[in-house]
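Report on one structure; see the data block that follows.
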Amino acid sequence: MSPAAPRAKDGRAPDVFAPGGWTPMRDYALSEPVDFLIVGAGAGGATLGCRLAENGFSVVILEAGPFWRPLEDFASDELAQQTLFWTDDRLIGGDDPIALGGNNSGRGVGGSTVHYSMIALRFRPEWFKCRSQLGYGFDWPITYDDLAPYYEEAEEALKVAGPVSYPWGPPRRRYPYRPHEVNAAGLVLARGAEKLGVGWAATPLTTVSAPRGKSPPCAYRGFCNYGCSTNAKQSALTVWIPRALRAGAQVRDLAMAGRIDIDPRGRATGVEYFREGAWRFQHARNVVVAGYAIETPRLLLNSACPLFPKGLANSSGLVGTHLTTHAGPGAWATFDEAIRWYKGPPNMAVTEHWNYTEQGKDFVGGYAFMSQGPLPMAWAQTLTTTRGLWGAALRDEMRKYNHMAGFVPVGETEPRAQNCVTLADDVDQYGLRIPKVIFSYSENDKRLQRHAVAFMSEMLAAAGGYDIWINFKDTSHLLGTCRMGDDPTTSVVDADGRSWDIPNLWICDGSLFPTCGGVNPSLTIQALACRIADRISRLAATGSLASA
């Protein structure tokens, strides 16, 4: 169900832990300039909003989608749960157009964390300086050590369930919760990894393995990618938003941001947004854009004005450029034993061998890969779109469903200027120009994917799989387009997410990433948000925080 009217208003917001319940919420006047107006309530915006509110700032968060009630809105129904995805019109192009929707965007409070697969992995330390240390991509303006305490903070807030000793990366504290027992699909990966002599681990996941407050332990129902109806999943909706509300933040759902206004001094003064049938304007001393890698550059470009005719924060000309995604070609096999891969979270075992190993590569970059657990409708769609199966042939293949297993990588792609988000001439239901997303793989990207499917196929065979086949179409996670850096001529924002051009305009989401690495980005986005909140608080304490 997708509500037609806002739920967060009149001094209250939904209590995500109680059917029909409410929680008190601060209600700011439109004419009252808030300290921070945040556009987007996903991994970046919700986390930042929470931490800023807890640090004493007045905060309003605008979210284009609904304020979900997990216990009522999320169901064991693959088709009905498509409402969780951002499916507004967008144009796609390039040699390898990216399919937009369920695998890479969310619409609603919590953003895509309400339907993410809950994988919580840290970046390899060298990736933060990959140009200097690994010879490709761009260096980040921060180091792993800068982010490490915030990784720990995010893992603790999300109560990540993971192994006592994770095989890759620097020494670290153990995860807050014990690992989940690995399902049969994950044990296929484990068996193959051990046969090939590479490491594997239970995947660190943000679904609790024991009770946590009002969250019960995971019931292993398998619908993680369509919304968790029990609240075992620890997401921005169930973790950061309740904390933000308790600290005095306000969330406005079904509020589509259309334009950031700029005063004659070149400062952001607030945001025009559409809610309940009318355009409204919220005044703010600082504006944060946290709409992810498509909607963030779209808003900045749609906010072009006489002072900034190329769009906001765009003196470098880099807003919308260097889009990256994670390539996800799959390898699949049939097994004699019943796997029943739908049981449990979809990605219960992982290897990061090719993230931390340089020997044996004909490409730069890396990839992790995980065991898989597609639900029946999603699996049928894969068979239809990648193998052209239909009718009796599709039915016969689906009979093997309980005996299938497979792997999909999180494959790094190179940041390239020609992969970009621009504005089309077409407009949406709000009269706003829609985004045009252009993407093509580099030759290095293609070599990485060929290596991944060859190695995953070898591992499936080593684990006892047969009738192995591969597909190359899938992608996940959209990153880049407003990268952070040390130089205003080669980046959009500084190391704190602050615009070089407009000192009270900030960005806090995956669009900050100069490179995408070979792991899921959500944990890094949340760690960045925690760090940016602390940096803002320190700037405020020294009188260095600009405002409208």
Side-chain angles (χ1 to χ4, degrees), residues 74-82 84-85 99 101-103 115-119 180-193 200 202-203 205 207 218-230 328-350 369-410 452-453 456-476:
F74 300 164
S76 300
D77 186 328
E78 292 182 73
L79 187 60
Q81 296 306 107
Q82 305 296 310
L84 301 181
F85 311 143
N103 210 29
H115 63 81
Y116 71 158
S117 56
M118 308 173 299
I119 296 166
H180 295 275
E181 184 176 353
V182 177
N183 64 0
L187 293 177
V188 168
L189 186 149
R191 189 163 68 236
W200 74 277
T203 309
L205 297 172
T207 182
C218 182
Y220 306 117
R221 52 189 282 276
F223 276 79
C224 315
N225 290 344
Y226 299 94
C228 178
S229 64
T230 68
W332 316 96
T334 304
F335 289 80
D336 288 332
E337 72 268 29
I339 303 297
R340 301 189 184 276
W341 53 357
Y342 57 86
K343 290 188 174 184
N347 312 115
M348 298 200 75
V350 60
F369 64 88
M370 298 87 178
S371 58
Q372 299 297 302
L375 294 175
M377 190 181 86
W379 183 239
Q381 184 176 7
T382 296
L383 294 173
T384 299
T385 57
T386 63
R387 296 179 61 185
L389 301 182
W390 195 249
L394 176 61
R395 181 191 62 196
D396 290 343
E397 191 65 27
M398 285 298 294
R399 285 184 175 136
K400 303 177 184 177
Y401 175 76
N402 285 333
H403 291 263
M404 298 296 299
F407 310 138
V408 170
V410 180
V453 295
M456 294 187 303
S457 297
E458 184 181 2
M459 185 179 283
L460 285 169
Y466 56 91
D467 292 340
I468 296 169
W469 57 277
I470 62 176
N471 67 294
F472 277 95
K473 295 289 187 181
D474 287 345
T475 60
S476 61

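These numbers come from the heavy atoms of this one structure, side chains and all, not from hydrogens, waters or symmetry mates.
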A side-chain contact here means heavy atoms from C-beta on lying under 4.5 Å apart; do [X] and [Y] qualify?
X	Y	value
T230	F74	no
L375	Y226	yes
K343	W341	no
W469	L383	yes
S229	R221	yes
P345	T207	yes
V182	W200	yes
P346	N225	yes

Aromatic plane relationship, Y342 with Y401 - under 30° parallel, 30 to 60° tilted, over 60° perpendicular: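 Ring orientation of Y401 relative to Y342: parallel.
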Please give me the minimum heavy-atom distance between [X] and [Y], naming the atom from each residue.
X	Y	answer
A331	S457	CB-OG, 3.8 Å
P329	V453	CB-CG1, 3.6 Å
M370	L189	C-CD1, 3.8 Å
N347	L205	O-CD2, 3.9 Å
M398	P376	CE-O, 3.7 Å
A405	F335	CB-CE1, 3.6 Å

Test log, rule side-chain contact (heavy atoms from CB on, under 4.5 Å), inputs Y220 and H180: CA-CA 10 Å; Y220 306 117; H180 295 275; 2.9 Å; yes
side-chain contact (heavy atoms from CB on, under 4.5 Å) between R395 and E397, intermediate numbers included: CA-CA 5 Å; R395 181 191 62 196; E397 191 65 27; over 6 Å; no
Rounded to the nearest 0.5 Å, how far does [atom2] of [Y] lie from [atom1] of [X]?
X	Y	atom1	atom2	answer
R387	I470	CZ	CD1	11.5 Å
N471	T385	CG	OG1	7.5 Å
D467	H403	CG	NE2	13.0 Å

Steps toward side-chain contact (heavy atoms from CB on, under 4.5 Å) verdict (V350, I119): CA-CA 10 Å; V350 60; I119 296 166; over 6 Å; no
Test log, rule side-chain contact (heavy atoms from CB on, under 4.5 Å), inputs T384 and Q381: CA-CA 5 Å; T384 299; Q381 184 176 7; 5.7 Å; no
Heavy-atom neighbours of E337 CD exceed 12 at 6.0 Å: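 Counting neighbours around CD of E337, more than 12 heavy atoms of other residues, nucleotides or ligands fall under 6.0 Å, so yes.
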Side chain T203, main chain A349, donor-acceptor under 3.5 Å: yes
The single option from W379, Y466, F407 passing ring pair (Phe, Tyr, Trp, His ring centres under 6.0 Å) against W332: W379
